[in-house]
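Heads up: the structure comes next, in structure tokens.
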Amino acid sequence: MSTTDTIKRYILAEYLPGTPTDELDSSYDLLDNGVVDSLGLLQLIAWLKQRYEIPIDEVEISPNDFRSVNAICHFVANSRKK
């Protein structure tokens with residue numbers, strides 16, 4: 001399963017239960033549309049840290065890194081290179 005699919009499935013399971021996978025566009029703004037709030041953002045970051053072994057303490061993060069599935073995938077790819 002691709003990183004995009006894994007992240008999309010997690011977001012659907014945690015924040016949009018019952019929503020079919022094909023209904024969540026990878027560029028959909030999760031923050032502006034209220035899908036992920038501040039507490040949800042902390043939960044998402046913790047999941048990414050564990051799932052992708054990202055040293056969150058060592059990487060710079062911004063809310064924009066988690067704005068959409070595409071942004072999260074970009075963040076994961078960049079963080080794993082370090």
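The basis for the numbers below is simple: all heavy atoms, side chains too, and nothing from hydrogens, waters or symmetry mates. None of these values were measured; they are calculated from a predicted model.
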Going by side-chain hydrogen bond (donor to acceptor under 3.5 Å, both in side chains), name the residues that satisfy it together with Ser62, two or more places apart in sequence or in a different chain.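 With neighbours one apart ignored, the set is empty.
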
Is there side-chain contact between [X] and [Y], with at least one heavy-atom pair below 4.5 Å?
X: Ile72; Y: Asp65; result: no
X: Thr4; Y: Ser26; result: yes
X: Leu24; Y: Leu30; result: yes

side-chain contact (heavy atoms from CB on, under 4.5 Å) against Arg9, all qualifying residues, sequence neighbours excluded: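 Applying side-chain contact (heavy atoms from CB on, under 4.5 Å) to Arg9 gives Met1.
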
Go through the steps to decide whether His74 and Asn70 satisfy the test side-chain hydrogen bond (donor to acceptor under 3.5 Å, both in side chains), and finish with yes or no. CA-CA 6 Å; His74 183 75; Asn70 287 338; over 6 Å; no

Might you point out which heavy atoms bring Val36 and Leu31 nearest each other, and give the distance in Å?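 Taking Val36 first and Leu31 second, the nearest heavy atoms are O-CD2, 3.5 Å.
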
For Pro17 versus Ala13, what's the shortest heavy-atom pair and its separation?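 Minimum heavy-atom separation between Pro17 and Ala13: CB-O, 4.1 Å.
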
Hey, quick one: are Val35 and Leu42 part of the same hydrophobic cluster, counting side-chain heavy atoms closer than 4.5 Å, chains of contacts allowed?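 No; tracing contacts between hydrophobic side chains, which count when under 4.5 Å, never links both residues.
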
Nearest-0.5 Å distance, OG of residue Ser68 to NZ of residue Lys8: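 So the gap between those two atoms works out to 10.5 Å.
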
Could you tell me the separation between the CD1 atom of Ile7 and the CG atom of Leu48, rounded to the nearest 0.5 Å?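 Rounded to the nearest 0.5 Å, the CD1-CG separation comes to 6.0 Å.
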
Pairs touching residues 34-47 that satisfy salt bridge (charged side-chain N to carboxylate O under 4.0 Å, His left out), sequence neighbours left out: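 Residue pairs passing salt bridge (charged side-chain N to carboxylate O under 4.0 Å, His left out), neighbours aside: none found.
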
Listed partners of Phe75 passing ring pair (Phe, Tyr, Trp, His ring centres under 6.0 Å), at least two apart: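 Partners of Phe75 by the ring pair (Phe, Tyr, Trp, His ring centres under 6.0 Å) criterion, ordered by chain and then number, come out as Phe66.
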
My understanding is that only residues two or more places apart in sequence, or in another chain, count here; which of them pass salt bridge (Lys or Arg N to Asp or Glu O under 4.0 Å) with Asp29?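 So Asp29 forms a salt bridge (Lys or Arg N to Asp or Glu O under 4.0 Å) with Arg67.
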
Only pairs at least two apart or in different chains count here, so list each side-chain hydrogen bond (donor to acceptor under 3.5 Å, both in side chains) that has a residue in residues 14-25.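 Found Glu14-Gln43, Asp25-Ser27.
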
Check whether Lys49 reaches the backbone of Pro55 with its side chain - one donor and one acceptor, N or O, closer than 3.5 Å.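 A pair under 3.5 Å: no.
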
Scan residues 16-40 for pairs that pass ring-ring contact (aromatic ring centres under 6.0 Å, His included), counting only residues two or more places apart or in two chains.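 ring-ring contact (aromatic ring centres under 6.0 Å, His included) check on residues 16-40 returns no pairs.
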
Specify whether Tyr52 and Trp47 have parallel, tilted or perpendicular ring planes, treating 30° as the upper limit for parallel and 60° as the lower limit for perpendicular.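 Tyr52 vs Trp47 ring planes: perpendicular.
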
